[in-house]
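Shown next, in structure tokens, is the structure this report addresses.
Numbered from 1 within each chain, the chains take letters A, B, ... in sequence-line order.
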2 protein chains.
Amino acid sequence: MRTPPHKTIERLSQYRRALLMVHDSDKTHIFSHEIAKIIHITPVQVRRDIMLIGYTGTLRKGYNVKELIDLIGDIIDSDTMIRVCVVGVGNLGRAIINYFSGKRTKLSIVAVFDSNADKVGKKYSGIPCHDIAELDEVIRQEDIKVGIITVPADQAQITADRLVKAGINGILNYAPKSVLVPRDVHLEEYDMITSLEKVAFYVKSD
Amino acid sequence: MRTPPHKTIERLSQYRRALLMVHDSDKTHIFSHEIAKIIHITPVQVRRDIMLIGYTGTLRKGYNVKELIDLIGDIIDSDTMIRVCVVGVGNLGRAIINYFSGKRTKLSIVAVFDSNADKVGKKYSGIPCHDIAELDEVIRQEDIKVGIITVPADQAQITADRLVKAGINGILNYAPKSVLVPRDVHLEEYDMITSLEKVAFYVKSD
DNA sequence: AGTCTTTTGTTAATTATTTAACAATTAAAG
DNA sequence: CTTTAATTGTTAAATAATTAACAAAAGACT
């Protein structure tokens with residue numbers, strides 16, 4: 001199968017989130033229009049995405065929830081566990097640590113870092129906090145492949161540099177400042193202010 | 001001018017963030033390829049976006065930073081202040097409150113809500129925390145138009161319902177569960193796990 | 001058994017977004 | 001003063017993503 005378009009990858013993750021929820025109820029099957037409603041997209045889009053990953057549902061019964069969850073896992077999850085660290089144990093860092101813990105079987109936050117001596121040595125949601133000075137060492141020892149940056153803006157670039165130097169392959173940057181990384185490191189950035197400004201824009205132009 | 005495409009709106013916000021930073025230094029002008037590098041896009045895209053909003057730079061000198069900042073403001077900002085509230089004063093809520101305070105001239109977080117009695121009555125970054133029971137009343141009194149949801153997943157929908165009922169026009173939902181709102185309420189949702197799964201996906205397929 | 005309705009799967013059409021191409025122009029260099 | 005290099009603005013082309021259209025099948029209803 002050709003690897004699906006970027007947008008489809010994104011939606012697969014959303015589909016799974018939704019499916020995991022309905023799976024907790026007693027529903028075994030779900031229609032494309034039901035998934036669509038949850039994600040706020042059209043049923044056609046759902047069917048098209050599902051077609052792209054080579055799954056077929058049952059006419060007039062819809063898609064088997066468990067099967068679809070598993071297939072999405074086969075596509076977007078790694079075979080092996082991907083080990084992740086969070087740099088910066090401020091409010092946002094803690095929110096992420098908390099939120100993720102145990103949520104996915106193939107992703108695991110195994111270390112967090114901070115420069116604040118009061119935080120070093122403590123555990124956050126069971127994950128040990130190291131001094132940022134040990135970043136390189138811990139990342140190698142723990143075989144960490146992805147780093148999440150939640151430090152203040154003025155430390156974003158230096159943090160990214162350190163992560164790259166330590167051999168990380170992917171970075172998710174939440175600091176309100178873009179960072180530069182080599183082309184072989186996958187970078188994802190998110191700025192909350194952009195989202196809020198977008199909402200504000202579309203609200204005002206009503 | 002026709003309103004710019006969605007993606008352009010998003011990038012305008014990013015351009016401004018970048019421009020505000022270079023404006024703090026002594027640079028008065030900036031080239032399209034300089035902006036492009038910061039945002040990780042191509043110079044052509046930058047020029048095209050700037051063309052769409054009707055601004056013109058100077059050949060071989062680039063764009064006037066201050067003028068461009070102002071023009072982007074004219075387009076994406078509201079004429080009047082847009083008043084915003086945050087529902088849920090957990091780690092994520094506090095991260096947002098902290099991060100936003102005073103960052104933009106036309107957006108202001110004026111109230112936060114929580115159900116925890118220990119938090120009600122306190123101030124967070126100078127913003128008073130109200131009991132969630134007073135949500136409707138405060139939103140009307142304070143003329144709040146946008147709500148940010150940072151409550152746990154199981155309270156996301158009921159929070160959205162309350163916000164809608166109180167007359168809000170836009171919602172930014174950070175709870176890890178989609179909510180349903182009437183079509184006239186602009187909804188933006190963001191789930192951190194989708195971003196992390198995307199990074200993991202592109203990391204593994206290297 | 002036959003008809004109607006619903007729902008999937010898929011191809012084709014449409015729309016949105018990005019990238020390429022390049023003329024025009026300005027500053028710098030020689 | 002002439003040439004070269006750099007940079008914008010814009011139209012055209014290419015690519016990506018979404019939506020429409022509809023045949024096929026399966027269950028529901030009579």
Side-chain angles (χ1 to χ4, degrees), chain A residues 1-15 18-19 22 27-68 71-72 75-76 183 194 198 201-202 205, chain B residues 1-15 18-19 22 27-68 71-72 75-76 183 194 198 201-202 205:
Chain A
M1 184 204 329
R2 227 175 73 259
T3 85
H6 292 205
K7 287 292 178 70
T8 296
I9 295 296
E10 220 170 292
R11 282 191 298 266
L12 288 175
S13 169
Q14 297 177 254
Y15 295 159
L19 291 166
V22 314
K27 265 172 90 84
T28 60
H29 287 73
I30 191 167
F31 294 128
S32 60
H33 63 259
E34 293 177 303
I35 299 177
K37 182 153 194 190
I38 300 173
I39 317 288
H40 316 301
I41 57 176
T42 67
V44 188
Q45 181 104 80
V46 173
R47 293 206 299 276
R48 213 174 182 296
D49 285 335
I50 290 175
M51 183 196 82
L52 286 176
I53 63 173
Y55 184 67
T56 57
T58 312
L59 254 165
R60 308 252 333 171
K61 282 184 76 182
Y63 304 96
N64 181 296
V65 175
K66 173 128 188 12
E67 282 179 13
L68 192 46
L71 180 61
I72 292 175
I75 291 166
I76 68 175
R183 248 181 317 129
T194 294
K198 217 174 11 157
F201 177 82
Y202 288 109
S205 53
Chain B
M1 185 203 329
R2 226 174 75 260
T3 86
H6 292 205
K7 286 292 178 69
T8 297
I9 294 296
E10 220 169 291
R11 282 191 297 267
L12 288 176
S13 169
Q14 298 176 254
Y15 295 160
L19 291 167
V22 314
K27 265 172 89 84
T28 59
H29 287 74
I30 191 167
F31 294 127
S32 60
H33 63 260
E34 292 177 303
I35 299 178
K37 182 152 195 190
I38 300 172
I39 317 288
H40 316 300
I41 58 176
T42 67
V44 188
Q45 181 105 79
V46 173
R47 293 205 299 276
R48 212 173 184 296
D49 285 335
I50 290 175
M51 184 196 81
L52 286 175
I53 64 175
Y55 183 68
T56 57
T58 312
L59 255 166
R60 308 254 330 175
K61 281 184 77 182
Y63 303 96
N64 182 296
V65 175
K66 172 126 189 10
E67 282 178 15
L68 192 46
L71 179 61
I72 291 176
I75 291 166
I76 68 175
R183 247 180 319 126
T194 294
K198 218 174 9 157
F201 177 83
Y202 289 109
S205 52

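Residues A/Tyr15 and A/Ile39 are in side-chain contact: their nearest non-hydrogen atoms beyond the backbone lie under 4.5 Å apart. Side-chain contact between A/Asp49 and A/Gln45: present, with at least one pair of heavy atoms (C-beta onward) separated by less than 4.5 Å. Put simply, the side chain of B/Thr58 does not reach to within 4.5 Å of the side chain of B/Asn64, judged on heavy atoms. Between B/Thr28 and B/Val65, the closest side-chain pair of non-hydrogen atoms is not below 4.5 Å.
Without hydrogens or angle criteria, B/Glu34 side chain to B/Phe31 main chain gives a donor-acceptor distance under 3.5 Å. Not a single donor-acceptor pair under 3.5 Å links the side chain of B/Thr8 to the backbone N or O of B/Pro4.
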Atom pairs, protein N/O to nucleotides 13-20 of chain C N/O, distance under 3.5 Å:
unit_1: C/dT18; atom_1: OP1; unit_2: B/Arg11; atom_2: NH1; d: 3.2
unit_1: C/dT18; atom_1: OP2; unit_2: B/Arg11; atom_2: NH1; d: 2.9
unit_1: C/dT18; atom_1: OP2; unit_2: B/Arg11; atom_2: NH2; d: 2.9
unit_1: C/dT18; atom_1: OP2; unit_2: B/Gln45; atom_2: NE2; d: 3.2
unit_1: C/dT19; atom_1: O4; unit_2: B/Arg48; atom_2: NE; d: 3.1

Output a table of nitrogen or oxygen pairs between the protein and nucleotides 7-9 of chain C separated by less than 3.5 Å.
unit_1: C/dT8; atom_1: OP1; unit_2: A/Ser32; atom_2: N; d: 3.0
unit_1: C/dT8; atom_1: OP2; unit_2: A/Ser32; atom_2: OG; d: 2.6
unit_1: C/dG9; atom_1: OP1; unit_2: A/Gly57; atom_2: N; d: 2.5
unit_1: C/dG9; atom_1: OP1; unit_2: A/Gly57; atom_2: O; d: 3.4
unit_1: C/dG9; atom_1: OP2; unit_2: A/Tyr63; atom_2: OH; d: 2.9
unit_1: C/dG9; atom_1: N7; unit_2: A/Arg47; atom_2: NE; d: 3.0
unit_1: C/dG9; atom_1: O6; unit_2: A/Arg47; atom_2: NH2; d: 3.0

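By the 6.0 Å contact criterion, NE2 on A/His33 is enclosed, its count of non-hydrogen atoms from other residues, nucleotides or ligands being greater than 12.
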